[in-house]
*Asks:* 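Encoded as structure tokens, here's the structure I'll be asking about.
So you know, we letter chains A, B, ... as the sequences are listed, proteins then strands, and number each from 1. Just so you know, these numbers use all the heavy atoms, side chains as well, and skip hydrogens, waters and symmetry mates.
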Amino acid sequence: MVLVEGTLRLLKKAYIISLVFFVAALLFWGVCYRGHISFAEEQQLFLFTSDYFQTFVGHPGGLVEYVGAFLTQFFFQPWIGALIMALCISLVQILSYRVLVRFLKSYWIAIVLSIVLASLIWLFMTNIYALLSLPLSLICAFVAMILYSLVKRYKLLCAIIMSIILYYIAGPVHFLFVGFVICKECTLLSSVVMCIAAVALPIIASFLVQYPIIELMTGVGYQRVHFSVQNDASLDDEEQAMRYSHLARYRRWGDIIEMAASEKPVDLSSQQCLNLALAQKGVLLDKLFEFAPKGVSSLISDESDCAPLIFPVSEVYYHIGMVTKSEHAAFNSQEVMHSFSSRAFIRMAECALLHGEKGLVSKYAHSLEKTLYYKKWAIHLKEAVAEDNLLSNKEWRTIKSYMLNETGIYSDEHIYLALAKIIDNANNAQLAHDYLVAYLLLKCEVEKIEMMYAGREDVQLPRYVQEALLYSWMQRNPSLERMPWRIENSIVQRALSFVKAYANRISAETLKEKYGDTFWYYCTSIE
Amino acid sequence: MVRHIYILIVLLIGISCSAPQPRDVVKSDELPEIYPDYVGVTIPMDIAPLNFNMENEKCDRVVVTARNSRQKELTINDTYAKFPLDKWRSFVGESVGDSISVQVTALADGRWTSYRPFMIYVSSDSLSEYGLTYRRVLPTYDIYGIKMGIYERNLLTFEETPIIESSLINKQCVNCHVPNVSSVEDISMHIRGENGGTYIKHGGKEEMLDTKADSLLSACVYAYWHPSGKYIAYSLNTTRQSFHIGTTKRVEVYDQASDIIVYDVQKHEIVKQPVLMIDTVFETYPVFSPCGKYLYYCSALFPEDKKLESVRYDLCRVSFDEATGLVGNDIDTLVYVSGNGTSIAHPRPSYDGRYLMYAESDYGTFPIWHDEADLRLLDLQSGNIDSLRVVNSSMSDSYHTWSENSRWFVFTSRRDDGLHTRLYISHIDEHGCAAKPFMLPQENPLEYYQSLFYSYNTPHFISSEITSSHRRLYGLVKGEHKKVYVR
């Protein structure tokens, strides 16, 4: 009893609850959703220039958007990002509590409502399109309410002026402020005047700026995209895809493979990252089917289960030497998210550099130089251009040595022709070679694989190439005698047991459980 | 005493604020490397200051002295060549028909260097237009999420105003806005996507048209006004895009089919033109002659091998009857290039009827993505074709339009960085000689163009400010679109 009373007494201290809420938010964003944090940062390009500032100040809510973008740049360091996110959400809770407790005169209702509100913002921020400007706008609105409570004279005039300023700074959260004033004053005059002011502001703004009235009423920049975008991925898939994408960005191939061991990639873009990592480590053809690929799209595809997460394909194109396609995908990733992005800029600069487009390289470097976190990289790039030493970096040099350098149009279905061209042109295009073989494996085109490996009888072949060659041989020959390739005995034994199980029509689940990681299972299950 | 202190303070402030003056100047025989390249360009008197920067990033200061033959001088001392608007205007006004010698002395790495003076020619032909309209769009290809728009730019100043931005209409694509010559009273403009249609302003009326019809290939695309303002010739195109996979050649825009129709503005009627709607022929880019009696267009046969690289357009002409809105049956091929392995696009006759300018590339209908694309000038009297060497560059040069007096033309070029198209204006004298073009001036050009990731396209001269409000446009887009009849 004493313990319960003590706990309740403790909980009655609002700051304890706020502190718990803050710590929970910090751990959530720092541990569980750090992929979202990194994603938010790479989807914007915050520049320390007056022109960049001016792109915000021209519309209602622009100032808060600018502050949001300023803070989001620090998401480059995920724990700092999590801290900022947790602070913003917690401030919404604290300030809303301060406002509600005065109104409701009930501690518990005020604390519950403030936590509900802050939790809704928390939930909103898990949206892939969410921007920090919404919690910041709410903070502004609650601060305005607290300040208004201090006003003793000319209250109506002050309320109108504060509404105008609030609308300009933070957008249509002024409706909340107006609601607060109406509830607080409870007079007909103030209600009518404040309602007119609230509605008039977006209408007046619609004459001055090129946004539809509905956006001026609901907020121009609280999220990147205003209308629902088809998104088949769940929230967890998104978070996973963002983590894979982030690791691929920084070439952390080992970490990707390690992550896949505990968390199988679900989304197409995650699978693309994993396959790229496997290829970079030289084990793509040994591990391809261990992670349940979804066809050739798991290798290369301009599509994604989650529309905004299309950047990984740019990584794939870049590393295998299709630089123009990589640039195209980077362009599109910006358009999908409706904003310039630091990651896309870096990629486009790299593509321009590999193409020898010095003017373009300087242009991207010029902008990146005005950022906080990419300045150093941009200066390095600029120096490389100035010294005419564009290929000072090992990765650029390697890709340049095998990248596709011919014009040509290939549809997605014929991408393997482009891969073949890269292999034909350069003898060090191992990545393109592995991708081509993986492509053929995923298409179950075993005859083409046989052709590729004709004359390579004495070589130790990758696991899935062995499985494919065996699969093909067994379909055309009664025995394994005179089989030209060296096939490991364990693979032969497993193939024989698979054939037996398949012929005996064992249940699909058992088949998948026992042979789900084999080429044979993949081919027979897609037939 | 106090007075003396004030004077001393003022003097100290004056000394500390005065710009550093050139000292121990080293003379160079070389021309200064400036951005944009204004060396030897010809300009009209009615143009914003030709501010420029030194290409050398280490340059801290420039002293620029512009001098005309009447010994009038305009000197500036700044971090870049930034001419005051009013002084520039009066100085250039006093230099009409004259040349301006520009002497640049620059401070870099603590050393002053004085470069060989260069000339800027001020033409006696005015560019009386108020300004330009153009679309600014990212040079991306198939998704439009980042804001784009159509803007107008006052040529006397650096002022740019949006006419319509995609933020207003759910990020939809806005394109192909065409005034009648340079009149802002007759305008055609398309909006694509949901609620898309063709905006027409004519005779003080604004309306939004739905130009799709079952009997037509597509909605209206490339537009050109008949000089009477009664008709607009449109092409109908089923346009597709493909993407190159290697090299800096990025996109291929092509038609699977195309026709030409004429729209009767007063009757809201599309007049089908059987001669220009042949299934085995691509017909596109229709333009009326200034007298209104002819229609020029580009025409290509469907290639037997069905390859993009085999589609090549020639320049054709057909008569036009203003009374019926129909073209004649006899087609003249004015310029035949398809047999020589090139292709013509964007024909634009000068308004004095003397010339016709077009873009020529290796193949296809979209020279904007072809580095080899260059402008050509056809003399309609002599039939001579000028390759416009002084105008063209090694990158794509295309989409040009004429000023009303036919002495200036504006065009787009990728010469600046290879990817983003910029606007250039060039002069043509009474003998048809083109002058070196100059890039559209900006207040701080290097900073502006380096930071601008948009491309300029479809530029047009306009005689005055466009008065349509964006709210009116929004209302028209969201409202019911007028259905056109097809004859």
Side-chain angles (χ1 to χ4, degrees), chain A residues 47 49 51-52 55 59 206-207 209-213 215 220 224-227 317 321-325 327-328 331-340 345 348 351-352 355-364 366-367 370 382 386 403-411 415 417-418 421-422, chain B residues 55-58 138-149 161-171 194 241-252 254 307-309 371 395 414-420 444 446-453 469-471 473-475 477-478:
Chain A
L47 303 174
T49 66
D51 283 348
Y52 181 73
T55 60
H59 62 267
S206 74
F207 285 93
V209 293
Q210 295 217 6
Y211 289 96
I213 188 95
E215 281 186 34
V220 168
R224 290 176 199 279
V225 181
H226 274 266
F227 299 90
Y317 284 129
M322 295 186 199
V323 175
T324 313
K325 286 285 280 182
E327 184 196 48
H328 181 188
F331 262 134
N332 282 351
S333 74
Q334 295 191 119
E335 295 281 13
V336 165
M337 293 305 283
H338 295 199
S339 69
F340 292 117
F345 262 52
M348 293 189 293
C351 293
H355 279 136
E357 295 174 294
K358 280 187 182 183
L360 260 187
V361 178
S362 301
K363 193 174 170 69
Y364 291 122
H366 181 80
S367 284
K370 288 164 184 163
K382 270 189 138 176
M403 65 186 256
L404 192 65
N405 232 334
E406 292 171 30
T407 55
I409 294 167
Y410 298 91
S411 61
I415 208 86
L417 292 175
K421 214 153 209 152
I422 294 173
Chain B
E55 290 242 11
N56 181 359
E57 279 195 3
K58 290 176 183 165
L138 285 181
T140 40
Y141 330 115
D142 39 356
I143 306 172
Y144 295 102
I146 297 178
K147 188 158 82 175
M148 66 155 90
T161 320
I163 299 167
I164 184 166
E165 291 180 315
S166 60
S167 54
L168 185 70
I169 45 171
N170 192 21
K171 303 284 164 76
E194 194 189 350
Q241 290 190 105
S242 287
F243 304 101
H244 286 274
I245 214 159
T247 76
T248 53
K249 194 166 188 175
R250 292 172 169 93
V251 188
E252 204 64 70
Y254 57 94
K307 284 185 175 170
L308 290 181
E309 297 85 347
D371 285 354
M395 307 305 287
R414 284 193 203 277
R415 69 187 66 178
D416 189 36
D417 60 32
L419 179 60
H420 304 88
N444 183 349
L446 188 66
E447 187 54 40
Y448 182 87
Y449 285 118
Q450 280 280 54
S451 308
L452 185 72
F453 288 89
S469 79
H470 65 268
R471 271 181 63 93
L473 278 169
Y474 179 68
V477 172
K478 290 288 171 194

*Asks:* In Å and rounded to the nearest 0.5 Å, what is the CG to CG distance from B:D416 to A:L360?
*Replies:* 9.5 Å
*Asks:* Would you compute the distance between atom CD1 of B:I245 and atom CD1 of A:I422 and round it to the nearest 0.5 angstrom?
*Replies:* 7.5 Å
*Asks:* Chain A heavy atoms under 4.5 Å from B:K147: which part of the residue, side chain, backbone, both or neither?
*Replies:* side chain
*Asks:* When heavy-atom pairs shorter than 4.5 Å are enumerated against chain A, which of B:R471, B:E57, B:E252, B:K249 gives the highest number?
*Replies:* B:R471
*Asks:* For B:G145, does its backbone N or O pair with a side-chain atom of A:Q334 as donor and acceptor, under 3.5 Å?
*Replies:* no
*Asks:* Are any of the side-chain nitrogens in A:E357 or B:R414 under 4.0 Å away from the carboxylate oxygens of its partner?
*Replies:* no
*Asks:* Report which part of B:I164 has an atom under 4.5 Å of a heavy atom belonging to chain A: side chain, backbone, both, or neither.
*Replies:* both
*Asks:* Which answer fits B:Y448, side chain, backbone, both or neither, if we ask what part of it has an atom under 4.5 Å from a heavy atom of chain A?
*Replies:* neither
*Asks:* Side chain, backbone, both or neither: which part of B:E165 has a heavy atom under 4.5 Å from chain A?
*Replies:* both
*Asks:* Checking heavy atoms, do the side chain of B:S167, its backbone, both or neither come under 4.5 Å from chain A?
*Replies:* both
*Asks:* Is there a donor-acceptor pair closer than 3.5 Å between any side-chain N or O of B:H470 and the backbone N or O of A:Y211?
*Replies:* no
*Asks:* Check each atom of A:H366 against the heavy atoms of chain B and say whether the ones under 4.5 Å are side chain, backbone, both or neither.
*Replies:* side chain
*Asks:* Pick out which of B:L473, B:L168, B:I163 makes a side-chain contact (heavy atoms from CB on, under 4.5 Å) with A:Q210.
*Replies:* B:L168
*Asks:* From B:D417 CG over to A:Y364 OH, what is the distance, rounded to the nearest 0.5 angstrom?
*Replies:* 8.0 Å
*Asks:* Any side-chain heavy atom of B:F243 sitting closer than 4.5 Å to one from A:T324?
*Replies:* no
*Asks:* Taking side chain as everything from C-beta outward and backbone as N, CA, C, O, which of these in A:Y52 sits under 4.5 Å from a heavy atom of chain B? Side chain, backbone, both or neither.
*Replies:* neither
*Asks:* Please name the pair of heavy atoms, one in A:P212 and one in B:Y474, separated by the smallest distance, quoted to 0.1 Å.
*Replies:* CB-OH, 3.3 Å
*Asks:* Relative to chain B, which segment of A:S339 carries a heavy atom at a distance below 4.5 Å: side chain, backbone, both, or neither?
*Replies:* backbone
